[in-house]
Amino acid sequence: MATPISNWLAYLGFFALILTAIKLAQLLFKTVALRSLIEIPFVLFAFLMPFFGTGETIEVLGITLYENGILAGLGIIAKGTLGILTAILLSSTTTAREILRGLERLKVPTLIIQIATFMLRYTNVVNDEMERMRIARASRGFEATGVKHWKILGQSAGALFIRSYERGERVHLSMVSRGYQGLMPQIEAQSTTRQDLLLGFSLPVLATFLSITTRMIG
Amino acid sequence: MADKSLEVKELAFAYPDGHQALYGVNLELSRGERVALLGPNGAGKTTLVMHLNGILPTMQGSVKVAGQLVDAKDKVGLLKIRHKVGIVFQDPDDQLFMPTVGEDVAFGPYNAGLRGAELETAVREALQLVGMYEFIDRPPHHLSFGQRRRVAVATVLAMKPEILVMDEPSSNLDPASRRELAEIVRSLDITLLMVTHDLPFAYELCERSVILSGGVIVADENTADILRNSSLLAKHRLELPKGFAL
Amino acid sequence: MADKSLEVKELAFAYPDGHQALYGVNLELSRGERVALLGPNGAGKTTLVMHLNGILPTMQGSVKVAGQLVDAKDKVGLLKIRHKVGIVFQDPDDQLFMPTVGEDVAFGPYNAGLRGAELETAVREALQLVGMYEFIDRPPHHLSFGQRRRVAVATVLAMKPEILVMDEPSSNLDPASRRELAEIVRSLDITLLMVTHDLPFAYELCERSVILSGGVIVADENTADILRNSSLLAKHRLELPKGFAL
Amino acid sequence: MHIPDGFIDLPTSASVGLLAISGTAVALKKARTELDDRTAPMAGLTAVFIFAVQMLNFPVAAGTSGHLLGGALATVLVGPWAASLAVTVVLGVQALLFADGGLTALGLNIFNLSIVAVLVSHICFKLAKRVLPKIRSSIPLAAAFAAFISVPVSAASFALQYAIGGTGTAPAGTVFAAMFSTHVLIGIGEALITMLTISAIISTRADLVYGWKNNKVTLEVKKA
């Protein structure tokens with residue numbers, strides 16, 4: 001993301017690259033578009049940018065906008081969108097375990113990996129508990145509509161914590177019962193084929209190439 | 001129509017992911033009847049229950065509780081329905097989240113608008129019905145599993161529902177708690193739909209049973225007749241435990 | 001001594017809060033025996049189980065597994081004990097904490113030092129014993145409850161324990177899964193201690209039963225004799241479900 | 001308040017990232033001495049809880065709703081070290097698996113939310129506990145105070161990073177004012193929810209609240 005925003009060609013190229021990768025990964029554009037909505041607050045922020053700035057100004061419909069502000073705003077949108085699309089690409093094509101394995105090879109501390117492993121394992125379990133509690137509340141005629149219902153929701157959150165904490169204790173007990181001494185079995189490194197590696201590197205390599213060439217042309 | 005507590009007609013439902021769970025369910029419960037809903041895992045039992053009070057919206061067919069149509073779009077009507085259908089969930093911990101037993105039992109009637117002495121009476125009566133009144137100020141968390149299940153029943157009874165729906169009420173209970181629960185249920189003058197795998201428990205409590213399998217009702221008869229029909233049971237992954245005789 | 005899988009002698013225990021749970025428990029299990037541990041809620045069953053592999057330290061009395069003393073201070077010895085005592089917990093989700101079935105089953109033998117082909121064989125054999133080998137690469141979340149319970153049994157069998165301890169193995173299972181589990185347990189050539197409320201299940205699987213009540217063993221006999229002794233059962237809040245006949 | 005990619009320039013992101021890494025290293029060490037071999041399952045389940053509770057929507061009014069950030073809540077419940085690890089893991093998983101928060105901005109987000117917010121919560125909580133009467137009902141109040149302060153402070157930390165390496169042109173002062181004032185409002189919500197949740201927990205399982213069980217309870221010893 002070290003490419004200046006004035007380098008339009010490069011950005012168009014980046015988009016093309018990512019969209020091709022999305023296409024290759026056989027993801028639905030609709031899914032990707034929906035998941036990109038997370039970006040919206042920052043897009044709004046970027047839209048405010050043109051109102052602040054220094055130097056050259058232009059008038060649009062009688063409103064004074066700063067040129068460098070417009071550029072900065074566009075830059076944020078472009079880079080943010082690219083970042084999000086990349087992250088969506090990563091998260092949709094790579095399973096959680098592959099990402100954890102990758103992190104392990106990147107020398108992320110094993111304890112962090114273990115915590116993440118537990119988090120991924122139990123997210124579904126705890127979410128199911130939360131959903132069942134919500135249904136149980138709704139079944140007794142409760143609907144949270146405003147601040148006056150926060151007490152009930154806080155109580156549910158408290159109950160959820162107690163359940164999660166106690167599950168943590170039970171999980172630890174069952175680990176100890178099977179000889180756990182603080183070390184988790186190594187997640188076995190799956191051999192990556194050369195083809196996978198080539199494919200994996202193609203995106204960043206192409207992107208760098210684009211950045212350099214368009215700068216040379218521009 | 002008021003003599004029918006529940007009328008389910010041609011109810012069909014598919015989840016957003018495309019998985020169809022119900023293929024036209026027909027079921028009627030007269031007021032005061034106790035009916036067991038049997039069926040293998042994945043048969044659609046939970047999906048059916050979630051329709052009875054509009055947690056899942058009706059896609060096709062209809063559900064009526066005490067003559068009133070369950071309609072997820074009618075927010076006011078739905079709230080009334082939810083007070084008429086009391087669901088006791090399988091895991092009492094899903095249902096008990098307030099700091100004390102009393103507050104938990106008060107939750108439903110409070111949502112229905114009860115206050116003051118009226119609310120207190122509703123709570124007291126419900127707890128007395130399940131024999132847990134002395135625990136009113138205790139945190140549910142510190143009760144035994146069997147006691148929590150009874151409190152869960154009280155939380156629902158306090159709403160004075162038209163129909164009581166219980167999901168696996170006997171699961172995880174020790175034999176004595178199981179019998180005590182059976183006695184409590186038998187003492188209630190209420191329409192009951194009981195979802196269960198525990199066929200002896202169904203036999204003990206319900207004169208009539210239905211089998212839901214593959215998203216349709218495949219049998220609807222006298223419980224004894226159903227339990228004697230071992231080929232019917234086997235076909236739907238049901239069986240009596242060894243040593244059990246009618 | 002090697003013909004005894006388990007010897008518990010005069011075991012007494014009080015929790016730090018002062019609550020005494022065990023008052024001198026005596027229990028012996030011969031190799032290959034299947035014994036049901038019955039008793040009301042709060043009788044101390046879980047406390048006893050937690051002593052068998054030193055999760056709770058022995059305060060008074062002694063526990064021996066295959067002749068070896070369980071001593072919480074002897075860290076190396078304790079680790080060996082934990083591989084000899086395989087505990088299957090009540091909620092399989094507490095026991096299946098790894099991302100896939102295979103990794104979970106590998107956890108115990110890995111901690112015991114197995115690697116490579118040996119580890120793979122242990123995992124495969126354990127999963128084959130419970131008929132779940134085809135699910136080796138699946139995340140536990142995608143399995144049914146009954147399947148998860150079977151995998152939980154496999155995680156323990158993979159350690160080739162001297163004694164298998166199961167806490168409420170039949171709870172929450174539908175009738176068919178319950179029978180399948182019974183068949184698996186019967187096929188195993190292992191010493192079994194089964195904590196259960198499900199008396200018919202105990203009758204089906206265990207020739208011998210003991211009743212733990214008030215922190216002591218109050219009965220230790222042939223299962224059929226115990227279950228026929230209805231006054232003994234009633235005294236300890238146990239009873240056979242209605243309709244069950246020996 | 002997850003910062004996406006491209007908002008703060010690379011040099012700033014990288015140096016804050018280094019700070020985040022060293023902070024996390026300290027948390028790892030401290031958590032391990034405190035929780036021993038329970039660290040992984042307990043911090044893991046705490047992470048799950050934070051992640052889940054962030055999805056619990058608290059309706060405000062007219063269709064709008066907010067949710068808990070959970071930094072202060074976790075600090076009061078499981079202590080600063082385990083809380084910091086749990087929040088770090090939540091942020092990492094959100095960035096890598098849910099595309100929530102940019103990958104290059106992960107270091108910034110970890111620094112602001114799992115180091116600054118947790119540390120500030122911990123300090124404020126301890127201070128408030130010292131001032132308030134030593135009774136159980138003081139704990140939720142102290143937790144609320146910690147939550148209220150921690151949110152705008154971590155927003156200010158973002159504004160500072162923006163002042164150093166922001167790619168936008170809005171003046172740093174304006175950004176600071178905007179971020180700080182909105183997050184004071186968010187902080188009020190966070191404080192209320194944290195207080196309600198802590199008081200719910202303390203009324204059933206007071207022993208699970210880290211900030212409370214630190215108070216020494218003397219047990220009565222009876223002669224046999």
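Only a predicted model underlies this, so the values are computations on that prediction, with no experimental measurement involved. Hydrogens, waters and symmetry mates are skipped; everything else that's a heavy atom, side chains included, is used. Every chain is numbered from 1, with letters handed out A, B, ... down the list of sequences.
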Aromatic ring proximity B:F107/B:F97, centre distance under 6.0 Å: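 When the ring centroids of B:F107 and B:F97 are compared, they turn out to be within the sub-6.0 Å range.
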Proximity breakdown for [X] and chain A, heavy-atom pairs closer than 4.5 Å:
| X | result |
| --- | --- |
| B:D93 | both |
| B:V85 | backbone |
| B:D167 | neither |

B:D91 and A:R163 ion-paired at < 4.0 Å: yes
Counting heavy-atom pairs under 4.5 angstrom with chain A, the leader among B:L96, B:V156, B:D104 is B:D104
Residue from B:K75, B:M50, B:Q95 scoring the most non-hydrogen pairs under 4.5 Å with chain A is B:Q95
Residue pair B:D198 / B:S170, side-chain donor-acceptor N/O under 3.5 Å: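 Indeed, the side chains of B:D198 and B:S170 share at least one donor-acceptor pair under 3.5 Å.
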Residues B:T191 and B:E33: side-chain donor-acceptor under 3.5 angstrom: no
Within the 4.5 Å heavy-atom criterion, are B:I190 and B:L157 side-chain neighbours or not?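 Touching, per the 4.5 Å side-chain cut-off.
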A:R132 NZ/CZ over B:F89 ring centroid, <6.0 Å and within 45° of normal: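 Ring-cation test returns no.
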Heavy-atom contact with chain B under 4.5 Å, split by part of [X]:
| X | result |
| --- | --- |
| A:A159 | side chain |
| A:I162 | side chain |
| A:E166 | side chain |
| A:R137 | both |

Run the numbers on B:K4 and B:E7 for salt bridge (Lys or Arg N to Asp or Glu O under 4.0 Å), then give the verdict. CA-CA 7 Å; B:K4 296 278 177 211; B:E7 293 155 279; over 6 Å; no
One option among A:S139, A:A136, A:S156 has the most heavy-atom pairs under 4.5 Å with chain B, and it is A:S139
